[in-house]
Amino acid sequence: MNDFNSTQMGRLQKAPEFFLSREAMTLSRDDRRSFLRRAFVAASGVAAAAAGGRALASEGDPAILKLPTHSTGLGAPVAAKGYGTPSKYEENLQRRESPGLTRVSAASVSFAPLQGFFGIITPSGLHFERHHQGFWDIDPRQHRFMINGLVKTPKVFTMDDLMRMPCVSRMHFIECGANTGMEWGNVAVPTVQYTHGMLSCCEFTGVPLKWLLDDCGIDLKKAKYVLAEGADGSGMTRTINLANALDDVMVAYGMNGEMLRPENGYPLRLVVPGVQGVSWVKYLRRIEVGDMPYAAKDENLHYVDLLPDGALRTYTSIQEVKSVITTPSGGQVLLDKGFYAITGIAWSGRGKIRRVEISTDGGKNWKDARLETPVLDKCLTRFNFNWTWNGSDAILQSRATDSTGHIQPTMTALRAARGTRSTYHNNSIQSWLVSANGEVSNVQLA
Amino acid sequence: MFSLRNCFSVFIAALTTCAAVVNATPSSLGRPATPAEIKAWDIDVRPDFKGLPAGSGSVKLGQEVWEAKCESCHGVFGESNEVFTPIAGGTTKADMTSGRVSGMVLGAKNAAAQRTTLMKLSELSTLWDYINRAMPWNNPKTLTTEEVYAVTAYVLHLGDIVPADFVLSDKNIREVQKTLPNRNGKTRQHGLWNVGDKPDVQGDKCVANCVKATTIGSSLPDYARNAHGNLADQHRLIGAVRGLNTAGAVASNVTANTPKSTSSTPDPLKLAQQHACTACHGVANKLLGPSLTEIHKKYAGTVDVVSVLAAKIKAGGSGVWGAIPMPAQAHVPDADIQAIAAWLAAGKF
């Protein structure tokens with residue numbers, strides 16, 4: 001069914017080097033043969049390309065026939081860049097703010113360009129950002145980490161101490177509790193970067209918190225919660241469930257094989273798998289073991305989910321089963337009818353992804369997508385689904401099921417239970433409308 | 001269950017990580033914290049007020065602190081000048097009796113446009129702790145204990161929760177807690193705290209003929225097409241799809257989607273975006289602040305226009321264009337401010 005060989009490949013039309021307008025798309029459908037020529041002519045100032053278009057018709061592709069300088073010249077030397085950066089042609093993929101979402105850039109969020117990612121790992125430089133009081137590049141030699149509260153011996157660790165300890169490396173997603181929060185009431189933003197981009201997934205390296213708590217002699221008879229506290233101006237504080245703290249929570253310094261980036265808490269942050277990003281306290285300076293939740297500002301005034309009756313849900317922490325198609329997705333244009341690999345990501349704060357289903361008809365019928373390996377606990381899972389677009393309107397959706405049997409709900413079902421003002425924890429099924437002109441847009445079904 | 005499983009996995013991990021570790025227990029690094037160190041860092045105040053330092057502060061002193069250190073961002077009455085989250089307002093005497101803020105209910109007659117801090121606050125410790133650790137925003141952890149008590153009292157007074165002559169202290173704070181308008185407004189009845197909790201919303205398993213008709217209930221209005229900039233510039237140049245060109249007129253937009261100049265001179269528009277100037281300033285339209293075009297026009301012909309604008313940007317200000325202040329942009333590097341100022345002066349947007 002979802003098998004590449006059985007899929008009729010569409011007539012692949014060579015994309016011009018330049019962006020296609022709606023008009024060009026229409027032209028494409030109206031008059032296929034003259035499309036390329038016209039599109040090239042329309043892209044003024046690209047005489048070479050236009051010539052290329054003509055050349056293509058006769059001898060072949062000038063990109064092949066005419067050797068480029070990189071084939072006939074000498075390239076740059078080694079270590080030209082001591083720390084490599086992406087190709088200049090990849091400049092379009094950037095972390096971006098959503099205009100008007102927040103008022104000041106030091107208490108704001110930047111969204112990761114999910115539309116351009118492959119696989120499950122987020123490149124460190126494109127990891128989403130959320131700062132409450134700006135970010136810092138802290139001298140790791142001066143950073144200290146303290147454990148106190150209900151322990152036999154309160155202790156202080158230097159980075160040297162922590163990095164000398166046995167460590168683990170694990171891949172986990174981190175999602176802001178407010179991810180997709182702008183969409184509770186109605187469609188508000190155009191692309192997957194803004195609907196779902198407060199999401200990243202990295203390999204983290206560090207010391208399991210349990211080892212450190214054991215080392216300090218945690219009083220397991222009295223302890224019920226731990227408080228994590230940051231060293232920056234916000235002194236970010238969050239209560240962590242003891243069950244989590246003793247399970248897979250990690251005091252991490254490594255991210256994707258290097259140290260954490262300053263934006264992500266260099267040199268030390270808490271990793272709380274499956275739990276919303278605000279709990280992954282950056283610039284981690286202290287863990288206090290206690291016996292009641294702490295009602296910190298970001299668990300009493302924010303990161304609280306408002307219900308229709310006015311009650312606020314507090315300590316809503318787990319990021320529930322969720323998925324999204326990243327291509328085709330909002331703000332994209334399909335170049336032609338025919339074959340497309342629908343691709344996307346799925347995740348759950350309760351465990352592993354067991355299944356992802358795709359609908360191309362707005363939720364009428366669903367078929368299994370292929371899950372790519374690895375499929376890990378509280379980690380993004382990449383899915384793919386072969387699809388042939390016949391050129392008419394289609395509504396694409398993905399629906400994930402996790403290892404606990406929890407199935408991703410529709411927006412309608414979520415609203416029925418929680419209203420439209422919840423802000424946080426919107427894990428609804430995302431709908432992308434592919435219009436006949438090839439334009440993909442963000443829609444919600446009634 | 002948990003501890004058993006974890007002990008076991010620690011043991012296995014220790015075995016596989018490094019044999020020596022098994023003998024030496026995985027850590028024993030670090031050193032005991034001194035009492036002075038714990039005192040310096042253990043500043044959290046819990047809902048039962050454990051951790052609250054002894055002391056007091058008056059509404060009167062609080063007003064002075066507020067005017068000197070808080071008002072510029074949060075407004076005279078905590079109404080926040082539309083720039084920051086509003087702090088006071090939206091609570092009533094009746095709420096203080098019931099412990100539930102009625103304006104929070106969906107469709108309530110007195111529903112506030114924005115939910116204020118005091119409407120949501122259920123624990124007084126939260127307010128004290130947060131001001132103590134994080135405010136003023138640009139200079140946190142600099143208030144004295146008395147100032148924290150005082151300005152907390154002042155915020156409560158702005159919400160009509162304590163009288164003008166009130167002195168808040170560690171002795172009476174529990175009594176004030178009992179009058180907080182939304183002290184009963186929180187619930188932990190949900191499935192989002194423990195991994196084993198039952199989710200409140202379960203999806204549908206249906207795989208065939210699940211819905212009869214699909215109707216689109218919401219989509220992005222046309223005028224918002226380019227609210228997030230040109231989407232063509234936010235997508236890769238190659239691959240199965242392209243980004244939609246949302247710049248300018250919709251019909252004639254075959255645009256060269258080549259990357260911007262890669263030379264080292266910064267693109268001022270990018271800088272303005274990067275430093276979130278564009279969150280408050282549109283190029284042609286007024287947002288929270290005046291449009292960049294208006295600013296350019298106003299200062300065209302001014303002597304030393306670039307340094308004048310640079311200084312204004314760095315310091316922020318209010319009253320020139322209206323009541324809404326512009327926060328200081330001291331965190332923006334000078335070179336970037338200069339580049340943006342020169343760009344504003346040139347007016348070639």
Side-chain angles (χ1 to χ4, degrees), chain A residues 18-19 21 23-24 42-43 88-89 91-92 99 103 105 116 146 148 153-157 161 165-166 186-187 190 211 215 233-235 246 286 294-295 297 300-301 308 310-318 331-333 350 362-366 406-409 413-414 417 443-446, chain B residues 2 6 17 21 26-27 29-30 32-33 38 41 46-47 83 104-106 120 123 126 130 133-134 140 185-187 190 192-193 195 199-201 203 207-208 210-211 214-220 228 231-237 241-242 244-245 251 253-257 259 262 276 279 327:
Chain A
F18 303 96
F19 171 72
S21 66
E23 184 191 43
K88 64 184 178 188
Y89 299 104
E91 221 192 17
N92 285 351
R103 272 75 181 255
S105 50
M146 182 187 286
N148 74 321
T153 317
K155 283 182 100 173
V156 171
F157 300 84
D161 294 332
M165 289 186 66
N186 48 260
V187 167
W211 299 358
D215 185 49
S234 75
L246 297 178
R286 195 168 68 94
Y294 287 82
K297 173 257 204 179
N300 193 10
L301 295 174
L312 289 159
R313 287 179 165 181
T314 48
Y315 303 102
T316 47
S317 300
I318 295 172
Q332 299 181 341
V333 184
R350 285 200 170 84
K364 283 189 198 126
N365 299 291
W366 296 86
H406 192 198
I407 305 172
Q408 188 179 4
L414 269 187
V443 296
Q444 290 182 359
L445 300 183
Chain B
F2 258 112
N6 280 293
T17 311
V21 167
S27 54
L29 294 165
I38 297 175
W41 272 12
R46 309 201 307 187
V83 180
M104 299 280 283
V105 180
L106 182 65
K120 293 185 282 182
E123 311 294 339
T126 305
Y130 181 66
R133 74 170 57 244
K186 299 286 163 70
T187 174
H190 57 73
L192 295 164
W193 177 231
V195 173
D200 61 337
V201 188
V207 294
C210 306
V211 285
T214 48
T215 327
I216 290 174
S218 171
S219 57
L220 211 58
H228 285 71
L231 303 179
D233 293 341
Q234 304 182 17
H235 283 82
R236 197 166 268 126
L237 309 172
V241 297
R242 293 291 183 277
L244 180 66
N245 190 346
N253 56 357
V254 177
T255 307
N257 187 12
T262 48

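What you are looking at is a predicted structure, and each value in this text was computed from that prediction instead of being measured. Reminder, nothing fancy here: chain letters follow the sequence lines and each chain counts from 1.
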The salt bridge (charged side-chain N to carboxylate O under 4.0 Å, His left out) partners of A/R313 (sequence neighbours excluded) come to B/D200
Sorted by chain and number, sequence neighbours left out, salt bridge (charged side-chain N to carboxylate O under 4.0 Å, His left out) with A/R350 holds for A/E320
From the list B/T214, B/V211, B/L231, the residue making the most non-hydrogen contacts under 4.5 Å with chain A is B/V211
Max heavy-atom pairs within cutoff under 4.5 Å with chain A, candidates B/S219, B/G203, B/G217, goes to B/G203
TODO: Examine distances only and state if a side-chain atom of B/T126 and a backbone atom of A/A295 form a donor-acceptor pair shorter than 3.5 Å.
DONE: yes
message = For the backbone of B/P32 and the side chain of A/T153, can you confirm whether one donor and one acceptor N or O come within less than 3.5 Å of each other?
response = no
The reported gap from OH in B/Y130 to CG in A/N300 (rounded to nearest 0.5 angstrom) is 13.0 Å
So CH2 of B/W41 and CE of A/M146: to nearest 0.5 Å the spacing works out to 5.5 Å
Exercise. Apply side-chain contact (heavy atoms from CB on, under 4.5 Å) to B/I216 and A/L445, showing your working.
Key: CA-CA 4 Å; B/I216 290 174; A/L445 300 183; 4.1 Å; yes
How far apart are the closest heavy atoms of [X] and [Y], and which atoms are they?
X: A/A417; Y: B/V201; value: CB-CG2, 3.5 Å
X: B/H190; Y: A/Y315; value: CE1-O, 3.3 Å
X: A/P99; Y: B/H228; value: CD-CD2, 3.5 Å
X: B/L29; Y: A/F157; value: O-CE2, 3.5 Å
X: A/Y294; Y: B/P47; value: O-CD, 3.5 Å

Q. Can you check side-chain contact (heavy atoms from CB on, under 4.5 Å) on B/H235 and A/N92, steps first, answer last?
A. CA-CA 6 Å; B/H235 283 82; A/N92 285 351; 5.7 Å; no
Among A/G331, A/G362, A/S234, the residue with the most heavy-atom pairs under 4.5 Å to chain B is A/G331
Chain B shares the most heavy-atom pairs under 4.5 Å, among A/N186, A/I318, A/D161, A/N148, with A/I318
If one checks every heavy atom of A/Q408 against chain B at 4.5 Å, the contacting part turns out to be backbone
